[in-house]
There are 2 protein chains.
Amino acid sequence: MASPRERRYRIRQERIIEHARGIAESEGWAAVSTRRLAQQIDHSQPVIYQHFRSREHLVAAVVTQGFVELTSLIREASAAAGGGLEQLCWSYLDFGRQNPALYEAMFTRPTHLRFAQEDTPAELRESFEALAEVIVRAAGDRADEDVAALTELFWATCHGLTSLHLAGRIPGDHLKGQVERICTMIRG
Amino acid sequence: MASPRERRYRIRQERIIEHARGIAESEGWAAVSTRRLAQQIDHSQPVIYQHFRSREHLVAAVVTQGFVELTSLIREASAAAGGGLEQLCWSYLDFGRQNPALYEAMFTRPTHLRFAQEDTPAELRESFEALAEVIVRAAGDRADEDVAALTELFWATCHGLTSLHLAGRIPGDHLKGQVERICTMIRG
DNA sequence: ATAGATAATCTATCACTGATAGATTCTTTC
DNA sequence: GAAAGAATCTATCAGTGATAGATTATCTAT
């Protein structure tokens, strides 16, 4: 169905996204420039704008990919033996540790992507929904209102630890006890 | 003691910091440029570098000021009638809401400032210590190890809520119940 | 197969950024 | 008031995101 032209276009787009992510992880987002990306894919700089309306849209594409990965990670942790909150918590922390730049783009860098709204992309929604499912299972039967609030709280707490840890604001020395406390809090 | 020259130098430095903070709050950190700051204080652009080694050092100066304010805010919340965890939690959330750009610089933007280390500036340390004092009071007698872990956890949780809220990742609809849960978790 | 239309790509440029070198002016000190 | 020193300016550099317009490649229809 896809013409050769379209196929090449998509392949190139994937390459751009991959390189952007790679450069960000190894040298930080400031090092991700259109000229450098163009050089990596052997094209001139304006070609980047055939794929992304702006640099921010390019970053958003990386972010979307990140949420897809995070969703499947949540589902895996949920389906695994045990499948408890603790396991999910550790998976989340590991995700941040293994992809600090990606995580930074997903959660702390300014972006035009809006969350928890009508026009929120499906990929972002699904992460939240996957998380909510685990919360429901762990915290028993509750009103939808409570599930949303608990999911937010769980997410915020995991994010707070990850964010401060990645930014060098807190050491990781006390994570074990902290994770236990978080999970106890959520289970009620 | 201070010569007129030094006095003018310090006044100008304060003005630069104020303008940087003001621009950041109204238009975001990307709008804070050396040229624009120079224009605001009626000098040429390189003068900024008489005060700050780099743009990042300028941002760090704003951040330091932010931590001074956060510390006194924690002390006030701690000394106020009641002086409980809930009050502190709300004060923290308000601080973020009222100074989103400042908060962003303090906690989520990349910086050379290191925390929880030997060379950590006193202003940053004091915020943590002020927080730890409140935790000790609220959570009763504990080992120092536990106090540090609990303080980190409390901070991370408040930060997680603030951060995701400011970035538009979660709505603020469920804050009341979430704050209560956090405080219950800390008190143990 | 080839001419015409269309799409993709390139070169060149714009306005802007942080940062620095060197000439110039202002301040201070003797 | 003259010499020494510090502070400030102009001018510039290399790099950024983004765009306009010329050029080339690709596809379509005869």
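Just so it is clear, the model here is predicted, and its values are computed rather than measured. Numbers restart at 1 for each chain; the letters A, B, ... are given by sequence-line order, proteins then strands.
Here D/dA18 presents its C1' atom at 14 Å from CD of A/E56, a figure rounded to the nearest Å. To the nearest angstrom, C1' of C/dG18 lies 12 Å from CD1 of B/I48. As a whole-Å value, the separation of B/Q13 CD from D/dA7 P is 13 Å.
Nearest-nucleotide positions on DNA chain D for A/R53 and B/V47 put B/V47 closer to the 5' end. Taking for each of A/T34 and B/H43 the nucleotide of DNA chain D with the nearest heavy atom, the 5'-most of the two is the partner of B/H43.
Between A/H159 and B/H159, the ring planes are parallel. Angles under 30° get that label, and only those over 60° would be called perpendicular. Note on ring orientation: taking the six-membered ring where Trp is involved, the planes of B/H51 and B/Y9 are parallel (angle under 30°, cut-offs 30° and 60°).
Looking at A/R10 and A/E14, no side-chain N of the basic residue comes within less than 4.0 Å of a carboxylate O on the acidic one, giving no salt bridge.
Judged purely by atom type and a 3.5 angstrom limit, A/E123 has no side-chain atom pairing as donor or acceptor with the backbone of A/Q65.
Contact annotation: side chain of A/R35 to base of D/dG15, donor-acceptor pair absent below 3.5 Å.
Backbone-only engagement by A/R12 is indicated by non-hydrogen atom pairs under 4.0 Å involving sugar-phosphate atoms exclusively. Base engagement by A/S44 is indicated by at least one non-hydrogen atom pair under 4.0 Å involving a base atom.
If you check C/dT9, C/dT28, D/dG17 against the side chain of B/R8, the one that comes closest is C/dT28. Listed nucleotides: D/dA18, D/dT10, D/dT8. Nearest to the side chain of A/Y49: D/dA18. Among the nucleotides D/dT19, C/dA21, C/dG18, the one closest to the side chain of B/P46 is C/dA21.
Side-chain N/O atoms of B/R5 include none lying less than 4.0 angstrom from OP1 or OP2 on D/dT8.
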